Structures are given as C-alpha cells and as structure tokens.
Amino acid sequence: MQSVLSDFDLVLFGGTGDLAMRKLLPALYRRLAAGQLSQRSRVIGVARGELSQDDYLAQVRATCEKYIGKEFDAKIWDQYAKQLAYAKVDAQSDSDFNKLAEVLRGCDEKVRVFFLSTAPDLFANICEGLARHSLVTPTSRVVLEKPLGEDRASSALINERVGAMFSEKQIFRIDHYLGKETVQNLLALRFGNLLFEPLWRRGYIQHVQITVAEDLGVERRAGFYDQTGALRDMVQNHLLQLLCIIAMEPPATSDPDAMRDEKLKVLRALRPLTGRDVLAKTVRGQYKAGAANGAPVVGYLQEKDVPAESTTETFVALKAEIESWRWAGVPFYLRTGKRLQERVSEIVITFADLPHSIYERPDSAHAVNRLIIRLQPDESITLSVLAKSPGEGMRLKPVDLSLDFADAFKAPSLDAYERLLTDVVKGNLTLFMRRDELDAAWQWIDPIREAWLQYDEQPKTYTAGSWGPAAASSLIGRDGFQWRNEL
Ligand code: BG6
C-alpha cells in the first residue's frame with residue numbers, strides 16, 4: 001500500500017479536454033481508490049466553458065465509469081465527487097482568475113499543482129495570470145504537457161516566460177513514456193544489475209531498435225496532428241527519451257538531476273542530422289487506406305479535418321548515431337507511426353555476433369543474442385540465447401528467457417499518469433524533462449524538419465495496417481540489419 005500523499009489542490013487547466021477525461025481524472029480516481037488521496041485534497045477542473053458543478057461531475061463520472069470499467073465503485077465515486085470542483089477560467093479574463101483565487105483561498109499551505117493540459121500557446125498566459133493574482137505559492141508546481149512549442153525557438157520562448165513565474169524546480173515537463181512501468185524497469189535492469197553493464201557498449205552491442213507503433217489512426221485530433229506530425233509528436237519526446245535511457249551513463253545517484261544530467265549528455269552527443277544526410281537517414285511516411293483490426297479504414301488524407309493535400313508525416317523511421325566512446329559505430333534505429341500493423345512499443349538490443357563458432361548455427365540474423373524490452377502491451381523482457389536443439393549433434397537454435405512482469409509480480413502496475421501525478425505532488429522531478437534536455441532535443445530535431453522542407457521531401461505512402469513504407473526496411477537493410485518484425 002502506498003503512503004497517503006500530502007494534502008494538495010490540483011488545478012487542471014484543460015479540465016474538460018481529451019487527456020483530462022481519458023487519462024488524468026481516471027488516474028486520480030484510482031489513486032483515491034488506492035487510499036493515496038487525503039480527504040482534504042481537491043481536484044479543480046478548469047476550462048473556458050460555462051459548466052455547472054453537477055454537469056462537470058456527470059462528465060467526470062461517465063469518463064471514470066468508461067475507463068475504469070468493472071472496478072468502478074459507486075462508493076469511491078461519491079468520495080471522489082466530494083473532492084472535485086469545476087471553475088470556469090478564460091486565460092484572458094482577470095475576473096475568472098479572481099474566481100479561481102476564491103476557490104483556492106485559505107489553502108496556501110497545501111501543495112498546489114497547476115496542470116496545464118492546454119494548447120502550448122496558452123502556457124505562458126496562464127502562468128502570468130496565476131502570478132498576477134498571487135496564486136503561485138512556494139509550494140506550487142506547474143505541469144506542462146507536450147508539445148512544448150513547435151520548434152526550438154518557440155519552446156525556448158515558452159520556457160522563458162513560464163520560467164519568469166516558476167523556478168525550474170517547480171516546473172514538471174511531462175513525457176508520459178517516462179512514467180511507464182517498463183521504462184522504470186529498464187532503469188532497474190541497467191542500474192540494479194551488474195549483468196549487462198560490461199556488455200552495454202560498442203563491441204558487444206551491434207545495433208539498437210526502438211519501435212513505437214500504433215494501430216490507431218489520427219482519431220479526432222487531426223487539427224492538432226496535422227500541424228505537428230510524427231516527428232514532433234513522438235520522436236522529439238518519447239523516442240528520444242527512450243534512447244537516452246538506453247544510452248546514458250550510470251548516474252552517480254538516483255537524484256533527479258544526476259539522472260537528467262546523464263540524459264542531457266546523450267542528447268548533446270547525438271550526431272547532428274542536417275542537409276542531404278537527413279534524406280539518407282530518415283524516412284517520412286503517410287498512411288493510405290487499408291485495414292485495422294480486420295476492418296477497412298480510410299487513408300490519412302480522407303480523415304476528418306485533414307486537408308486533402310496535407311503532406312504531414314504519420315510515420316518516421318531514422319538512424320541516429322551517438323558520438324561517444326561507449327556508442328561510436330552503434331546505430332540506433334528509431335521508428336514510429338500511426339495505423340501500423342499492431343500496437344507495440346519495444347526496444348530491441350541486438351548483441352554482436354560471435355567472433356568464431358565451433359557449432360552449427362542458424363543464419364546470422366537468428367544467431368545473435370537479443371534483449372527485447374517490451375513496453376506495451378504485455379510488459380516483458382526477453383533475452384534470446386542460443387541453446388542446443390534436442391537430439392543428436394550440436395545444432396544451436398535461439399530460445400527465449402522471458403520475464404513477464406504481470407506474471408512475476410502478480411500485481412497490477414500503475415498507469416503512467418498515476419505515477420507521474422503522484423510524483424508531482426511529492427515533488428520528485430526524476431521522470432520529468434529539464435529545460436536544457438528539452439532544448440537539446442529540439443536542437444537535434446529542428447534540422448531534420450528544415451531539410452525535409454528544403455528538399456521538399458514528400459512522405460512516402462504506406463498501406464494502413466502494414467509496417468510502414470518499404471523505404472524504412474531499406475534504411476536498416478542498407479546496414480545489413482532487419483526490423484524485428486521482418487526477421
Ligand atoms: C502521445 C501522442 O504523446 O502519445 C499521441 O500525442 C500518441 O499521438 C500517444 O497516440 C501514444 O501514447 P501511448 O501511451 O498510448 O503509447
């Protein structure tokens with residue numbers, strides 16, 4: 001049983017939005033059900049619409065019932081409802097901020113969390129409004145949801161303005177991938193065991209693949225997605241963060257800054273991709289009509305609210321290289337896309353081949369050891385090793401040593417947002433991005449987009465339900481490797 005959190009007021013801007021309804025409000029319900037929320041803690045949903053308290057509660061109840069499913073309990077809901085409130089706040093309206101101040105009056109000693117689940121161009125205005133109305137207390141924290149800007153310059157501007165109201169230690173930049181249980185397990189695997197560390201480097205690791213594949217399409221977010229594209233929606237944050245966790249040096253302590261310093265070094269050691277090199281080492285794709293889960297689906301250009309001539313990418317594959325003693329010469333292939341064959345996020349570490357073999361072995365792609373860290377679904381770690389095939393003779397075949405987390409621990413793991421929200425209340429910054437990290441990530445990403453624009457690199461189409469454009473296979477194939485699903 002987790003300990004009860006300090007009393008808090010969590011003010012959720014974007015409180016009627018998709019993320020709040022799908023993830024944040026159900027996550028807080030679960031923490032209440034787990035006994036972690038004191039009765040004095042409150043969640044104050046904030047949005048621009050005029051909504052009565054009852055209407056808001058009805059919306060939140062419906063979403064909790066939907067996402068919590070059969071574990072939804074009316075008694076727990078009754079308690080949650082007592083701790084939920086709604087306030088209408090338009091970031092431009094002083095009188096609205098005054099009303100919010102009323103709601104928060106007399107609660108200055110509590111932990112106060114402002115969670116901004118809004119468009120990023122509102123972040124600074126909201127923070128300035130909060131400061132103008134003296135709502136930022138020493139115990140306040142602000143949580144910023146991605147995307148934090150659309151490039152390095154806009155992100156710097158947001159950070160600058162938010163930084164004028166909140167100190168860096170009060171700013172929690174969310175990347176929900178860092179809250180996933182298996183990402184934490186990756187840290188445990190690397191820094192809680194000696195086993196892999198001597199091999200975790202060039203010479204022993206041949207290459208690394210990071211795949212975050214989704215079977216969903218753009219859903220109802222076309223307005224946002226078409227302006228963003230897969231590079232900025234997924235690679236700039238989630239995939240680069242995963243790469244950092246694989247590639248970072250062991251930090252000296254578990255202190256948030258010790259961890260973040262090491263991740264920053266990885267981002268800064270990424271070989272810049274610029275100019276024509278971008279065309280050789282990246283693949284942009286866009287899905288066309290195909291199938292998902294056995295049913296026909298439309299292509300990206302036919303999705304609601306997507307302009308018919310859109311050239312936004314829904315798929316990216318790229319080759320990243322880290323210029324360091326540990327990683328020189330070890331390619332990291334990153335791949336993400338919508339409407340791919342299945343929903344799977346995994347990291348595949350392929351170890352080097354034997355220098356010399358005395359036994360009969362399978363072909364070289366199957367003869368190497370692989371460590372497969374699956375983030376979702378079915379969180380697991382699998383190590384493929386070669387073993388003797390039963391019967392006469394010494395013929396080797398790959399077999400898997402598997403660790404299935406659900407099976408091993410027989411305990412449900414926390415949803416990423418449950419973990420991250422409790423970390424915010426506790427003030428633990430380890431799983432949040434620091435400003436310099438974010439800046440370094442944009443610094444690496446911006447030239448890729450610039451080169452795509454400069455050379456008018458159009459996305460290559462792929463059929464919905466496939467594994468992306470053929471060019472993604474060639475990207476890795478040119479180096480003599482294959483994506484794991486192609487083996
Ligand atoms: C979000 C992206 O950050 O991550 C979405 O904006 C994407 O486009 C989502 O669908 C994927 O998250 P998860 O946890 O479902 O893998």
Side-chain angles (χ1 to χ4, degrees), residues 1-3 22-23 26-27 29-36 66-73 76 175-197 199-200 205 208-216 238-239 241-242 245-246 254 293 335-336 340-351 362 366 368-390 396-423 430-431 483-485 487:
M1 166 110 178
Q2 286 100 349
S3 55
R22 253 181 338 109
K23 297 281 187 184
Y29 169 102
R30 286 202 192 91
R31 289 301 86 212
L32 181 129
Q36 267 201 295
K66 177 168 172 193
Y67 290 104
I68 285 153
K70 54 184 187 327
E71 277 157 36
F72 181 87
D73 178 328
I76 291 173
D175 183 317
H176 78 279
Y177 266 63
L178 293 183
K180 290 188 190 273
E181 188 78 9
T182 318
V183 175
Q184 318 264 290
N185 259 311
L186 183 52
L187 291 167
L189 182 80
R190 286 205 57 203
F191 307 132
N193 296 282
L194 184 65
L195 192 62
F196 290 108
E197 175 51 25
L199 308 178
W200 210 259
I205 291 183
V208 176
Q209 301 179 11
I210 304 177
T211 295
V212 177
E214 297 185 84
D215 54 357
L216 292 178
H238 307 324
L239 279 89
Q241 284 292 317
L242 295 178
I245 290 181
I246 299 165
S254 64
N293 298 316
R335 172 175 70 154
T336 184
L340 295 181
Q341 199 168 93
E342 54 181 297
R343 175 175 186 256
V344 56
S345 297
E346 65 180 23
I347 298 165
V348 182
I349 316 272
T350 303
F351 289 91
H366 292 94
V368 286
N369 300 120
R370 278 195 182 80
L371 181 67
I372 299 153
I373 300 145
R374 182 172 275 229
L375 310 183
Q376 60 192 24
D378 311 325
E379 302 171 342
S380 63
I381 294 185
T382 303
L383 178 65
S384 79
V385 293
L386 289 188
K388 179 187 170 301
S389 172
L396 303 192
K397 278 204 155 161
V399 281
D400 289 344
L401 296 174
S402 296
L403 168 60
D404 176 315
F405 287 106
D407 203 40
F409 290 103
K410 310 254 180 307
S413 57
L414 292 191
D415 168 80
Y417 276 103
E418 287 177 62
R419 168 171 298 108
L420 295 173
L421 284 164
T422 51
D423 278 359
T430 310
L431 299 176
W483 296 105
R484 193 168 88 89
N485 61 283
L487 286 171

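Since the structure is predicted, the reported quantities are computational estimates derived from the model, not experimental observations.
- A salt bridge does not link Arg30 to Glu71: none of the charged side-chain nitrogens sits closer than 4.0 Å to a carboxylate oxygen.
- Put simply, NE2 on His238 and OG on Ser345 are 9.5 Å apart, with the number rounded to the nearest 0.5 Å.
- Side-chain atoms of Gln184 come within 3.5 Å of backbone atoms of Leu178 as a donor-acceptor pair (strictly under, hydrogens ignored).
- Listed by chain and number, the residues in a side chain to side chain contact (heavy atoms under 4.5 Å, CB included) with Arg22 are Asp18, Tyr67 (sequence neighbours excluded).
- Two residues are said to be in side-chain contact when any heavy atoms from C-beta on lie closer than 4.5 Å; Leu239 and Tyr177 fail this criterion.
- Taking the six-membered ring where the residue is Trp, Phe72 and Tyr29 present parallel rings, their angle staying beneath 30° rather than reaching 60°.
- The shortest distance between side-chain heavy atoms of Leu487 and Arg370 falls below 4.5 Å.
- Panel note: side chain Thr211, backbone Arg335; no donor-acceptor pair is recorded below 3.5 Å.
- Residue Ile245 comes nearest to Arg190 through the heavy atom pair O-NH1, 3.0 Å, listed as atom of the first residue, atom of the second, then distance.
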Test Arg419 against Leu431 for side-chain contact (heavy atoms from CB on, under 4.5 Å), laying out the working first.
CA-CA 9 Å; Arg419 168 171 298 108; Leu431 299 176; 3.7 Å; yes
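- Looking at residues two or more places apart in sequence or on another chain, you find no side chain to side chain contact (heavy atoms under 4.5 Å, CB included) involving Asp378.
- Arg31 places no side-chain N or O within 3.5 Å of a backbone atom of Gln36 that could act as its donor or acceptor partner.
- The closest side-chain heavy-atom distance from Leu242 to Val212 is below 4.5 Å.
- Among all heavy-atom pairs drawn from Ala408 and Leu403, the shortest one is CB-CD1, 3.7 Å.
- Using modelled atom types, one side-chain atom of Asn369 and one backbone atom of Ser384 make a donor-acceptor pair closer than 3.5 Å.
- Relative orientation of the Phe351 and Phe196 rings is parallel, given thresholds of 30° and 60° on the angle between their planes.
- For the pair Ser380 (side chain) and Arg374 (backbone), a donor-acceptor distance under 3.5 Å is absent.
- Looking at Thr430 and Asp423, their side chains never come closer than 4.5 Å, going by heavy atoms from C-beta outward.
- In plain terms, the two heavy atoms of Phe405 and Asn185 that are nearest each other are CE2-ND2, 3.2 Å.
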Step-by-step side-chain contact (heavy atoms from CB on, under 4.5 Å) determination, Ile205 to Leu199:
CA-CA 7 Å; Ile205 291 183; Leu199 308 178; 5.7 Å; no
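- Note that CZ of Phe409 and CG of Asp404 are 10.5 Å apart. Values are rounded to the nearest 0.5 Å.
- Across every non-hydrogen atom of Lys180 and Ala416, the tightest pair is N-CB, 3.9 Å.
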